[in-house]
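Values below: all heavy atoms of this structure, side chains included; hydrogens, waters and symmetry mates excluded. Here is how names work: the chains are called A, B, and so on, in the same order as the sequence lines, proteins then strands, and each is numbered from 1.
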Amino acid sequence: MRALVRTAAAAATALALLLTGCGGGGDGRADGKIRIRFQSLAWQKESVDINKQLVKEWNASHPDVEVQYVQGSWDSVHDQLLTSFEGDEAPDVIHDASDDLADFAYGGYLADLRTLLPDRLTADIPPQSWQTATFDGGVYGVPFLQEPRVLIANTKILKASGVRIPTAERPWSWPEFRQVTKKLTGKGRYGIAWPLKEPVSVTLNLGLSAGGELFHRGADGKVTLAMGEGDQVVPGTIHDQVNTDHSAARTALGMGGGDTLPGLFGGKYAMVPLGFSYRQQVVEQAPKGFEWTVLPAPAGSEGLAQGVSPQTLSVAEDSPHKKEAVAFIDFLLRPANMVRLAKGDWMLPTGTAALADPSLHTAERGWATGAALATALRSAPAQSVRGYPEWKDKVATPALQEYYSGAIDADELRKRLMEDGNRVLARYQR
Amino acid sequence: MSLRTSRPARAGQYAALLCYLVFLAFPFLWLISTAFKPAPELGSLHPTWIPENPTLDNFRQAFDEQPLLRAAGNSLIAALSAGVIAVVIATPMAYVMARHRSRLSTAATGWVVVSQAFPFVLLIIPLFLVLKYLHLINSLWGLIMVYVVWSLPFALWMLVGYVRAVPPELEEAAAVDGADRLRILVSVTAPLLAPGIVATALFAFITAWNEFFFALVLLKTPEKQTLPVVLTHFLGAEGASDLGPLAAAAFLATLPSLVLFAVIQRRITGGMLAGAVKS
């Protein structure tokens, strides 16, 4: 019996040693150096290279605080962060998008940065950008990259049609845009393709230009849904283009942004509304000789305003090195570095100093058009509304998809978005 | 009663089988085609099955951008270990459950079935906390433990079926011939169970090889990440993707499973029990 116990104990010790040897928890070095983990969601090669290079530069100039680059992915960041927060294993510096922060901010997982941020950074980023990462009065992320939705157009078709080419100073109005897409429509060609696989954010964000609000916060802080005239402009235009004018491709309604590019290159669509960063895919995939241009999205009563959810950098509430983490963020977002990050992601920086960089104002590849839109970008209408994800998935997405395809009319859309929607929101605001 | 079918019926069966194979193979063939297409062909309105200007650039770019070999090595360690450990644990358990039927084994079988219904999200946070307590976060051993636990119920379920297919009369005959219990298990039962064990190990291997979420959550540093996690690095926000390199990397990621299947296919379908018992 004793032999058996001895054997079992030896086996258990061996197993423990084996497991400890293979374990990766903690670096175990006692050299007094502070180590912080930076989880980045950069994914394009240029962007990853720049992020890694910046980490390298920080580590070279800050021997006492070592930053470790950790690669995350956009596809699964929410679940991965949630688990890490629950298990007290979250990275110190967290890259995410502002519309993903609300749950983490309200859940107490992210540090309120108001007292930690240096004045330079606070002053450099405009208030409307800070608004995107402000929840319940606290600032839970530093917004640093953003992208407007623009129209990427086939230059040859545009010029041949004789339509007025819009600029950021003189954009198309929504009614003019509808007329233009009719003119651009021809045999085997649609004036526009709306990739509306996920129709809610596109509709809400572009809706700001026409004064669409949809979400109204009362004096008691509670949010209700109400659809006014301004809220009808964007969905009404898209619906009419598809179902009345036939100037928008019906088949594109179920597509993602990248899926429409072959049609744009092949002359099937004259224009596609896409995020500013899609220019990279256009550059990479367009056939030789394809001429394209970047146009501002149509404007309404509120001009070129549109909603955005910028990329953000946050600090975990449980991080023991918040001060160092914020210092690293400040380094990462120095104007020159912000320009490098913006170019790597083909996006616009939020920082005023970075945005003024001449390299972001060249006509080439539409940079100037995008930069001219930057001041019109606002916080996406619903991102701080609790219950928004459920409303989006269960109510708004199917309702808008049915409306755009012509299965339901505007009254039914309004009824569903408001009546069903308010029931969903009410559950979150009891 | 004759099992023979008429010639037209057989032709119909083969046609149906061919259609099914084409249906199954379509995504994989398209993946291969995409992996060898240059960027302009990926954006073509009229895509072709055979790339017009086949290129290895996507593979070069995939290897250049992400540590695919290291990730494949991690996946291989995790999947092989999970496969081997799962069958080592499951085989004796399955034997007991199949041969000694009792209320306990019935309850255990029921539990195995129920355990398959647990969703990932329900398990991940408790698992995370347990592994953290054991200092096994960011450790391949921690991940292997999870994979073994995850695949064990189904492995057990599979093996119980294989054990039951081995006629007890063979073991009884060996016992009559004087073989002791261990000899019977090693010389009679184990060889007959081999296809089942291989199939079960393969199941556990493939489950672990393809698994994404546990690996994403449990492995923190780039050096430890497995292939499915690294593949997501080719995906951007709002469905944007680096399609060419992603297809190239995904194609490479499917190869080990295919090769493994090709190598051991015969052992799985070998029909080793044929003629073992006189009827």
Side-chain angles (χ1 to χ4, degrees), chain A residues 18-26 37 39 41-45 47-49 68-76 79-80 82-84 86-89 91 97 195 197-198 201 256-259 261-268 275 277-278 280-288 290 311 345, chain B residues 38-47 61 64-67 77 120-121 124-145 212-214 216-225 229-245:
Chain A
L18 185 67
L19 293 177
T20 317
C22 293
R37 283 190 298 141
Q39 178 169 295
L41 301 181
W43 66 283
Q44 289 151 316
K45 183 174 164 36
S47 177
V48 173
D49 287 350
Q68 185 191 17
Y69 180 93
V70 180
Q71 185 71 58
S73 85
W74 284 107
D75 211 30
S76 45
D79 293 337
Q80 187 247 340
L82 188 62
T83 315
S84 303
E86 288 288 342
D88 298 332
E89 282 285 336
K197 196 173 168 185
E198 290 178 19
S201 62
D259 303 333
L261 289 179
L264 178 73
F265 301 149
K268 191 177 171 187
S277 61
Y278 270 93
Q280 193 218 14
Q281 287 198 35
V282 175
V283 169
E284 273 187 5
Q285 293 179 13
K288 251 186 185 170
F290 178 76
Q311 293 188 18
D345 261 330
Chain B
E41 281 187 53
L42 292 173
S44 169
L45 187 57
H46 305 289
Q61 204 180 326
D64 187 34
E65 286 179 21
Q66 298 296 339
I77 292 170
F120 266 37
V121 282
I124 188 68
I125 290 174
L127 258 174
F128 193 91
L129 294 174
V130 168
L131 289 175
K132 193 182 167 213
Y133 180 75
L134 295 170
H135 299 287
L136 287 174
I137 297 292
N138 198 30
S139 149
L140 278 181
W141 278 109
L143 190 68
I144 291 164
M145 274 172 65
F212 165 70
F213 191 63
F214 287 131
L216 173 81
V217 168
L218 297 175
L219 302 173
K220 300 286 167 196
T221 53
E223 295 77 29
K224 300 276 172 63
Q225 287 178 336
V229 177
V230 170
L231 284 182
T232 63
H233 298 163
F234 294 105
L235 296 172
E238 290 186 25
S241 66
D242 212 351
L243 193 57

Top residue by heavy-atom pair count (under 4.5 Å) with chain B, among [options]?
options	result
A/D79, A/L261, A/V48	A/D79
A/G266, A/G87, A/S73	A/G87
A/E89, A/Q280, A/Q311, A/K288	A/E89

Pairwise distance [atom1]([X]) to [atom2]([Y]) - rounded to 0.5 angstrom:
X	Y	atom1	atom2	result
B/L42	A/Q285	CG	CD	6.0 Å
A/L41	B/L235	CG	CG	12.0 Å
B/Q66	A/W43	CD	CH2	11.5 Å
B/T221	A/R37	OG1	CZ	8.5 Å

Does any backbone or side-chain atom of [X] lie under 4.5 Å from a heavy atom of chain A? Answer side chain, backbone, both or neither.
X	result
B/F234	backbone
B/S44	backbone
B/Q225	side chain
B/L216	both

Who are the side-chain hydrogen bond (donor to acceptor under 3.5 Å, both in side chains) partners of A/K197, not counting sequence neighbours? none
Taking A/K45 first and then B/D64, would you say they form a salt bridge - that is, a charged N and a carboxylate O separated by under 4.0 Å?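 Salt bridge present between A/K45 and B/D64.
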Non-hydrogen atoms of [X] and [Y] that approach each other most closely:
X	Y	value
B/P40	A/P287	CB-CA, 4.5 Å
B/P222	A/Y69	CG-O, 3.7 Å
B/L129	A/E86	CD2-O, 3.8 Å

Winner by heavy-atom pair count (cut-off under 4.5 Å) against chain A, out of B/L134, B/D242, B/L243: B/D242
Does B/K132 have any salt bridge (charged side-chain N to carboxylate O under 4.0 Å, His left out) partners at least two apart in sequence or in another chain, and if so, which? A/D88
Proximal component of A/E198, with respect to chain B [non-hydrogen, under 4.5 Å]: neither
Quick check on A/Q44 against chain B: is it the side chain, the backbone, both or neither that has a heavy atom closer than 4.5 Å?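 The answer is neither part of A/Q44.
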